[in-house]
Novice: 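Before we start, here is the structure in question, set down as structure tokens.
Atom set for the values below is all heavy atoms of this structure, side chains included, hydrogens, waters and symmetry mates excluded.
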Amino acid sequence: MPASGRTLDPAPRSGPESRSGPEPRSGPAPRSGPEPRSGPAPQPGPEPRSGPEPESAKKRRRPWVRRVRRTVLVLALVLVVPLAAVEAALRVNYMGDPAGGTHTRNRDAMWLGHAWVDGRKKDADVTALAGRLKDTGVRDLYVHTGPLEHDGTLPTSVYPRARWFIDAVHRELPGVRVQAFLGDVLANGGPEGLELSDAATRAEVVRSAGQVLDTGYEGVHMDLEPLHSGDEHYLDLLDDLRKLTKDRDAQLSVAAHQIDPLPHLHSVAGLVADHPKWWSQEFFGQVARRVDQIAVMSYDTARLLESTYGGYVAQQTSLALEVTPPTTHLLMGLPFYYENNPSHWGHAETVAAAVRGARLGLSRTDPDRELFGLAPYIDFAATETNWKEFEDGWVR
């Protein structure tokens, strides 16, 4: 915001014109008594030279410099100081030890890529996946089966091997559910996308959900982004999807935006971005009450330090637990990938920090919560380090 402040008066001009009184005339100074009768007329003396300009006048001559300095100071107070305070609070939030027993409840989940249902994967790949997931707490797989068309429809041609994959998982990993991970870009994030305000489009999304359940999926996992906090059309869609999944004895799960780390931050961010990152805690609770599972996308946080990222996940875990009913299964996402960009710094957003942060939030808010788990994102980008940190910190 522009700096506020008084308008400075113009700097005073130097030289004779700044003085009060009449301007002196050139020529000889008047003499008392009679004018002399003879002799050359006296010549005017040299103009008096002004002395060095005072330093204060030089400074007053540049009022814009003072305005710029004041603007920088105001910005520092408005932006830098609060941000520094937030970072310090997050580091403190990462301190301490998680409570004993805050480990896997055998209710974890994992996001999988599209290759599992489009024909690229084979039986050997499923066997390898089963070997990796065995003895972990992963009991739900969200396999990418979309994306939806912008009108809400879903061509069956994009998941030709879905039935094969579902059967293979049931054979290799008894007790693990396979859910169809469906999503699309929403129109509020750009010129094109799925329009939730259109009732016909929402109806098509519900029909597409029924279509994948007919294929054999045991649940529908929705990921629509960027989704504004308070979107009533999204809540209407979830109500319709819940009726469908309950009738089919299937799961309804969603990928959720992060919760305001500061009160009303989603509203402030909305002033400078078309698709703010956060939901209000109230809206998060409204979504959580409509679904069987809600998985927080607790990554891409722009945190620069591992400690502040872990503290952020601890905060997000607590905020989510406070408004998620005990009958809804809450999952915190883990970054099983490495990137470096302004929204995600790989050296900071580690699996170890996320796991420890989730355990700290669970310890402080609801340590005995049964319907709680972690959800790695995503299988094709995972490294051995990711898996080791997950197993050492959570599965043990």
Side-chain angles (χ1 to χ4, degrees), residues 108-136 138-186 192-194 201 204-225 241 244-245 248-255 293 295 297 299 331 333-339 375-384 386-387 390:
D108 304 311
M110 186 168 193
W111 281 283
L112 301 181
H114 197 79
W116 294 101
V117 296
D118 67 3
R120 284 177 282 172
K121 296 291 188 178
K122 307 301 178 186
D123 286 337
D125 298 306
V126 178
T127 301
L129 177 66
R132 172 59 81 182
L133 296 180
K134 187 179 179 181
D135 298 327
T136 70
V138 174
R139 294 295 178 266
D140 283 279
L141 299 177
Y142 306 140
V143 57
H144 190 266
T145 308
L148 296 166
E149 297 294 313
H150 293 338
D151 62 0
T153 59
L154 179 66
T156 58
S157 59
V158 301
Y159 56 97
R161 295 272 283 168
R163 183 73 249 185
W164 163 82
F165 179 65
I166 295 167
D167 291 342
V169 169
H170 289 166
R171 183 180 65 251
E172 299 280 351
L173 291 166
V176 172
R177 289 179 297 206
V178 184
Q179 301 191 40
F181 169 12
L182 304 178
D184 193 17
V185 175
L186 294 178
E192 296 183 356
L194 189 146
T201 299
E204 288 294 344
V205 174
V206 176
R207 274 192 284 273
S208 295
Q211 181 179 306
V212 296
L213 293 178
D214 289 341
T215 302
Y217 283 105
E218 297 155 284
V220 177
H221 179 78
M222 298 301 301
D223 178 20
L224 300 173
E225 302 180 47
L241 287 169
L244 171 72
T245 54
R248 303 287 191 92
D249 193 25
Q251 295 285 296
L252 175 59
S253 58
V254 295
Q293 299 176 333
M297 296 180 285
Y299 36 76
L331 297 124
L334 304 178
F336 266 44
Y337 60 95
Y338 189 96
E339 289 181 358
Y377 179 90
I378 189 166
D379 68 300
F380 58 79
T383 67
E384 287 301 318
N386 295 154
W387 281 109
F390 171 61

Novice: Quick one: which of F390, F181, Y299, F336 gives a ring-ring contact (aromatic ring centres under 6.0 Å, His included) with Y377?
Specialist: Y299
Novice: Taking only residues two or more places apart in sequence, or in another chain, which ones meet A209 in a side chain to side chain contact (heavy atoms under 4.5 Å, CB included)?
Specialist: V220, L241, L244
Novice: How long is the straight-line distance from CG of L252 back to OG1 of T245, given to the nearest 0.5 Å?
Specialist: 4.5 Å
Novice: Strictly by modelled atom types, are Y217 and T145 linked by a side-chain donor-acceptor pair under 3.5 Å?
Specialist: yes
Novice: Got a second to check how far T127's OG1 is from L173's CG, nearest 0.5 Å?
Specialist: 9.5 Å
Novice: Would you compute the distance between atom OH of Y142 and atom CG of L112 and round it to the nearest 0.5 angstrom?
Specialist: 11.0 Å
Novice: Is the closest side-chain heavy-atom distance between W116 and V169 below 4.5 Å?
Specialist: no
Novice: Kindly determine whether H114 and R120 satisfy side chain to side chain contact (heavy atoms under 4.5 Å, CB included), including the steps that lead there.
Specialist: CA-CA 9 Å; H114 197 79; R120 284 177 282 172; 4.2 Å; yes
Novice: Any chance you could measure T383, atom OG1, to Y338, atom OH, to the nearest 0.5 Å?
Specialist: 10.5 Å
Novice: Let me confirm one number: the CZ-CD1 distance from R161 to I166, rounded to the nearest 0.5 Å.
Specialist: 12.0 Å
Novice: Evaluate side chain to side chain contact (heavy atoms under 4.5 Å, CB included) for Q293 paired with Q251, printing each intermediate quantity in order.
Specialist: CA-CA 8 Å; Q293 299 176 333; Q251 295 285 296; 3.8 Å; yes
Novice: With a 4.5 Å cut-off on side-chain heavy atoms, are D379 and R132 touching?
Specialist: no
Novice: For the pair E172 (side chain) and V126 (backbone), establish whether a donor and an acceptor sit closer than 3.5 Å, ignoring hydrogens and angles.
Specialist: no
Novice: Minimum heavy-atom separation for A162 and T215, please, with both atom names.
Specialist: CB-CG2, 4.0 Å
Novice: Over all heavy atoms of both residues, which pair between A109 and P376 is shortest? Give the atoms and the distance, please.
Specialist: O-CD, 2.8 Å
Novice: Report the C-alpha distance between Y337 and N386 in whole Å, list the side-chain angles of each, state the deciding distance to 0.1 Å, and finish with yes or no for side chain to side chain contact (heavy atoms under 4.5 Å, CB included).
Specialist: CA-CA 8 Å; Y337 60 95; N386 295 154; 5.8 Å; no
Novice: Using modelled atom types only, decide if a donor and an acceptor are shared between the side chain of D125 and the backbone of K122 within a distance under 3.5 Å.
Specialist: yes
Novice: Determine which pairs satisfy salt bridge (Lys or Arg N to Asp or Glu O under 4.0 Å) with at least one residue from residues 204-222, sequence neighbours left out, and list them in order.
Specialist: E204-R207, D214-R248
Novice: What's the shortest heavy-atom distance between A115 and K121, and which atoms?
Specialist: O-CG, 3.2 Å
Novice: Measure across G216 and R163 and return the closest heavy-atom pair with its distance rounded to 0.1 Å.
Specialist: CA-NH1, 3.4 Å
Novice: Donor-acceptor pair, S208 side chain versus G152 backbone, under 3.5 Å?
Specialist: yes
Novice: Could you report the tightest heavy-atom contact between T201 and H150, atom names first, then the distance?
Specialist: CG2-O, 3.8 Å
Novice: Side chains of L133 and V176, heavy atoms from C-beta outward: is any pair under 4.5 Å?
Specialist: no
Novice: With the threshold set at 4.0 Å, does a side-chain nitrogen-carboxylate oxygen contact exist between D167 and R171?
Specialist: no
Novice: Quick check: do D108 and T136 have side-chain heavy atoms less than 4.5 Å from each other?
Specialist: no
Novice: Please check this pair: side chain of R177 against backbone of D140, looking for a donor-acceptor N/O pair closer than 3.5 Å.
Specialist: no
Novice: If every non-hydrogen atom of L213 is compared with every non-hydrogen atom of A250, which pair is closest and at what distance?
Specialist: CD2-CB, 3.8 Å
Novice: Considering residues at least two apart in sequence or located in another chain, which fulfil the side chain to side chain contact (heavy atoms under 4.5 Å, CB included) criterion with A255?
Specialist: W111, H221, D223, M297
